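Okay, structure first, notes after.
Atoms considered below: every heavy atom in the structure, side chains included; atoms not considered: hydrogens, waters and symmetry mates. Only a predicted model underlies this, so the values are computations on that prediction, with no experimental measurement involved. Each ligand, and each atom within it, is numbered from 1 in the order the structure gives.
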Amino acid sequence: MTAINAVTDLSMDGDIAVITLNSPPVNALSQAVREGLEASFKQTLADPKVKGVVLICEGKTFVAGADIREFGKPRKPPSTKDFYKLLDASTKPVVAAIHGTALGGGLELSMMCHYRVAVPSARCGLPEVNIGILPGGGGTQALPRIVGVERALEMMTTGRHVPAKEAHELGIFDALAPEGQLRAFAVDFTRKLIAENKPIKRVRDLNDKIDEARKHPEVFDKFRKANARRLRNMTAPENIIKCVEAAVALPFDDGLKRETELSQELHSGPQAPAMRHSFFAEREAAKIPDVPDTTEVLPVNSVGIIGAGTMGGGIAMNFANVGIPVKIIETKKEALERGLSVIRKNYERTAQRGGLTMDEVEKRMKLISGSLELGDLKDVDLIIEAIFERMDVKKDVFAKLDAVAKPGAILATNTSGLNIDEIASATKRPESVIGLHFFSPANVMKLLEVVRADHTSKAIINTSMKLAKKIGKVAALVGVCPGFVGNRILRQRQVEAQNLVLEGAMPWDVDRVLYNFGFPMGPFAMSDLAGLDIGWVKENSKGETLRDVLCEMDRRGQKTGAGYYDYDENRNAKPSPVTEKIIKDFMAKKGVNGRHISDEEILERCLYPMINEGVQILADRKAIRSSDIDVIWQYGYGFPHYRGGIMYYGDQIGPAKVLAKMKEFQAQMGDRFKPSPLLEKIVAEGKRFADI
Ligand code: COA
């Protein structure tokens, strides 16, 4: 074995050269990796003793992309694209041997190689869109030549990781190797290519699929139209589409040049840095300063859930999905059966859409059992309480759990805002109690707020954070306070949305502004979807709020065909004259003369109090860092990733402007706009929210 540089080795297996990259954690294409690759390609391709080349990686993965940490800084050659010249000129086959994830620049590099073999657990994809850029190492020109235009557009605008079996069917991988035998398989594969005199397969020469697309130029506009809602406001997808148009219209090398131009446009725009921030924020959130990675991780091989409602069922699915058995406890047989049948229906719906096989549905359902006896949880490692939000009931359940659960079991509550210290006080083991706040629908939403109470042990915190990752959630650690971090900030927006409506804006005006900003829906459409009657009690309703009146009229949201909006039979929303009249009556009663409220005011009044609350949360030490708040709002509330999160957005506007506006609103409308003292301090010191 010869070391080419610190991250690249070269060895010979007979007449096959094996280039091995070893640059933890993910073999990203850093300067050193690119230099190592260039030197080893040059050396092996020039060496007459070498008949073929295998490119393989050490560690947990093949190259997982460009080195994102180098973005935004000047980069030295060689660029990944430069390898085309070397590999296209080669007369020897170069084979990429893939395990883990061949992503971004990694997949691009492998597409420059002449063949690709992979183990069945490997995945591949071009996820650049998720960091606001496009595959700029030739990926937009190579992929359509291999999988066709439509599939390439789908893969590159979703950034999805394609499993090996599908990649093999699509022609991205030429062969699948037995698990654990990748190197030997790749060497044999290369040897066979040589023995059988197989042609060098250069991606630039693959023209069938491109010719096909030339006959259907309408495919691009069709794609734009069909995906307009999903891709709205984002700059990267449109540039990706333009690159693929170039792949179809131009010769390969001109297409590469066009790709570089369109890529540079994105790198110098505002969305790429925002999405890069989101990428690192998500990973940073997993790090807790006083709970090092070396902290004990408790085994979680079985889970108990109390409550078979929507939340309990959704939470159960997360664990069954990764093979952990779950026992759900209910008080009544009917409720338990209903809960289990909802879970089955959810899985079956996924199966109907092709997301699961029926075998997998059955396997997962077998992992979920039900019981009416709390005592049946005596052996489980983790218990999550998911019943309704009443302190006395929750305390009662935790006192009983204390008597039942084995020593060391994690006792978690899914409360969305109650005081977990008080819940923990119902047990004699507050160190075992933690909040695991899932978001609805719990089997879909990626966010998990892990809530640290006064006495929660570090091992339980570490275990919860690791478990979150295992079940595919993005976790952020927060402290105990009403609403924790996410809902505490949401409250600010809800209050202001209601106030705006009683001053002259209509619910659909507020929704339109927030939707156009990039949220998946506005607050009123959201209420209609969730149901206006959540937490509304008929007997206590006095018609004092808009919601009271709507609920009293049985306008409880989408489920009753009307709420803030009117709905047709396909659940399409229309502004409602009924709601408008109720609002106008309210205003008349209060003597408010409605005024025109600009879109700018709507946006500022909804968002700035949220930023201010985020600052106060940091002052109260209920979130570790401002980027954790960004993560929470992106994964729990649909804040657009391309804006980097609510606090990052605040930094882009500038803390001084946020403060000035809060003061202006405070003078006009009162102390609900009172700036956090920490906001004043940040501005006085010329700092950013990210510095807190
Ligand atoms: N460049 C630089 N660093 C990267 C990186 C990249 N392309 N991809 C991952 N990392 C770093 C992460 O920041 C993290 O660093 P940390 O431990 O200091 O926080 C570390 O590698 C591990 O990443 P993580 O995401 O926690 O590991 P994982 O095993 O869950 O996932 C991947 C591995 C490769 C699937 C995931 O990291 C990923 O999707 N990476 C980005 C891929 C991408 O977008 N490539 C195209 C870029 S052009």
Side-chain angles (χ1 to χ4, degrees), residues 7 21-34 57-73 75 79-81 98-111 118 121-140 142-143 155-164 167 236 239-240 243 259-260 262-264 266-267 271-289 291-294 322 446 465-476 624-625 627-628 631 635 641-642:
V7 295
L21 298 177
N22 187 5
S23 179
V26 296
N27 290 309
L29 287 165
S30 61
Q31 180 75 29
V33 170
R34 297 196 307 276
C57 291
E58 287 281 345
K60 66 176 183 180
T61 180
F62 189 75
V63 175
D67 189 335
I68 304 173
R69 288 176 205 276
E70 286 182 355
F71 289 0
K73 301 175 191 148
R75 284 211 287 171
S79 82
T80 323
K81 249 180 189 153
I98 295 168
H99 76 293
T101 40
L103 299 176
L107 180 59
E108 290 177 312
L109 174 67
S110 77
M111 290 191 290
S121 58
R123 286 174 300 149
C124 69
L126 294 175
E128 283 82 350
V129 70
N130 295 328
I131 48 171
I133 56 171
L134 56 78
T140 65
L143 192 63
M155 275 180 65
M156 289 191 284
T157 59
T158 60
R160 125 184 125 84
H161 296 183
V162 177
N239 280 22
I240 288 172
C243 283
E259 180 191 86
T260 301
L262 288 162
S263 168
Q264 277 163 358
L266 294 175
H267 275 280
Q271 294 192 359
M275 292 179 93
R276 210 152 61 229
H277 163 81
S278 303
F279 177 85
F280 287 116
E282 180 186 329
R283 279 145 187 92
E284 193 67 15
K287 294 172 189 143
I288 301 159
V291 184
D293 222 29
T294 48
V322 295
K446 294 259 299 180
M465 298 298 288
K466 299 281 182 301
L467 188 63
K469 184 153 183 174
K470 181 166 181 184
I471 61 173
K473 300 290 179 205
V474 176
I624 297 174
R625 39 182 104 75
S627 62
D628 287 5
V631 170
Y635 286 104
H641 289 266
Y642 54 82

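Residue P127 has at least one heavy-atom neighbour below 4.0 Å for each of these atoms of ligand 1: 43 (C), 44 (O), 45 (N). The ligand atoms of ligand 1 that sit less than 4.0 angstrom from a heavy atom of E128 are 48 (S). Each of the following atoms of ligand 1 lies closer than 4.0 Å to a heavy atom of T101: 34 (C). Heavy-atom contacts of D67 reach the following atoms of ligand 1: 1 (N), 2 (C) (cutoff under 4.0 Å). Atoms of ligand 1 lying under 4.0 Å from any heavy atom of K60, numbered from 1 in the order shown and given with element: 27 (O), 28 (P), 29 (O). Every atom of ligand 1 with a heavy atom of K287 under 4.0 Å away is listed here by number and element: 16 (P), 18 (O), 19 (O).
The distance criterion of under 3.5 Å between nitrogen or oxygen atoms is met by A64 with respect to ligand 1.
Checked against ring-ring contact (aromatic ring centres under 6.0 Å, His included), H99 has no partners two or more places apart in sequence or in another chain. Under the side-chain contact (heavy atoms from CB on, under 4.5 Å) criterion, A167 pairs with C124, V162, I172, F173, not counting sequence neighbours.
At a heavy-atom distance under 4.0 Å, only side-chain atoms of V26, from C-beta outward, approach ligand 1.
With hydrogens left out, the protein atom closest to atom 13 (O) of ligand 1 is R69 NH2, 3.2 Å, a heavy atom. At the shortest separation from atom 35 (C) of ligand 1 among protein heavy atoms lies L103 CD1, 3.9 Å. Protein heavy atom closest to atom 23 (O) of ligand 1, with residue, atom name and distance, is R283 NE, 4.1 Å. Distance from atom 1 (N) of ligand 1 to its nearest protein heavy atom, with residue and atom name: I68 N, 2.9 Å. Scanning all protein heavy atoms for the shortest distance to atom 7 (N) of ligand 1 gives A66 O, 2.8 Å. For atom 11 (C) of ligand 1, the closest heavy atom belonging to the protein is P25 CG, 4.0 Å.
For the atom pair CD (E108) and CD (E259), the distance works out to 6.5 Å, reported to the nearest 0.5 Å.
Between M155 and L126 the shortest side-chain heavy-atom distance does not fall below 4.5 Å. Using a 4.5 Å cut-off on side-chain heavy atoms (C-beta onward), I68 and R276 make contact. Taking 4.5 Å as the limit, every side-chain heavy atom of F62 sits out of range of all side-chain heavy atoms of R123.
With hydrogens and angles disregarded, a donor-acceptor distance shorter than 3.5 Å links the side chain of R283 to the backbone of F279. Looking only at distances, no side-chain donor or acceptor of T101 sits under 3.5 Å from a matching main-chain atom of L103.
Remark: E282 does not engage K446 in a salt bridge, criterion side-chain N to carboxylate O under 4.0 Å.
Protein heavy atoms are absent from the 4.0 Å sphere centred on atom 31 (O) of ligand 1.
In this structure, K469 has a heavy atom closer than 4.0 Å to ligand 1.
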Exercise for the section: I would like to know whether C57 and V63 meet side chain to side chain contact (heavy atoms under 4.5 Å, CB included); could you show each step before the answer? Expected result: CA-CA 7 Å; C57 291; V63 175; 4.0 Å; yes
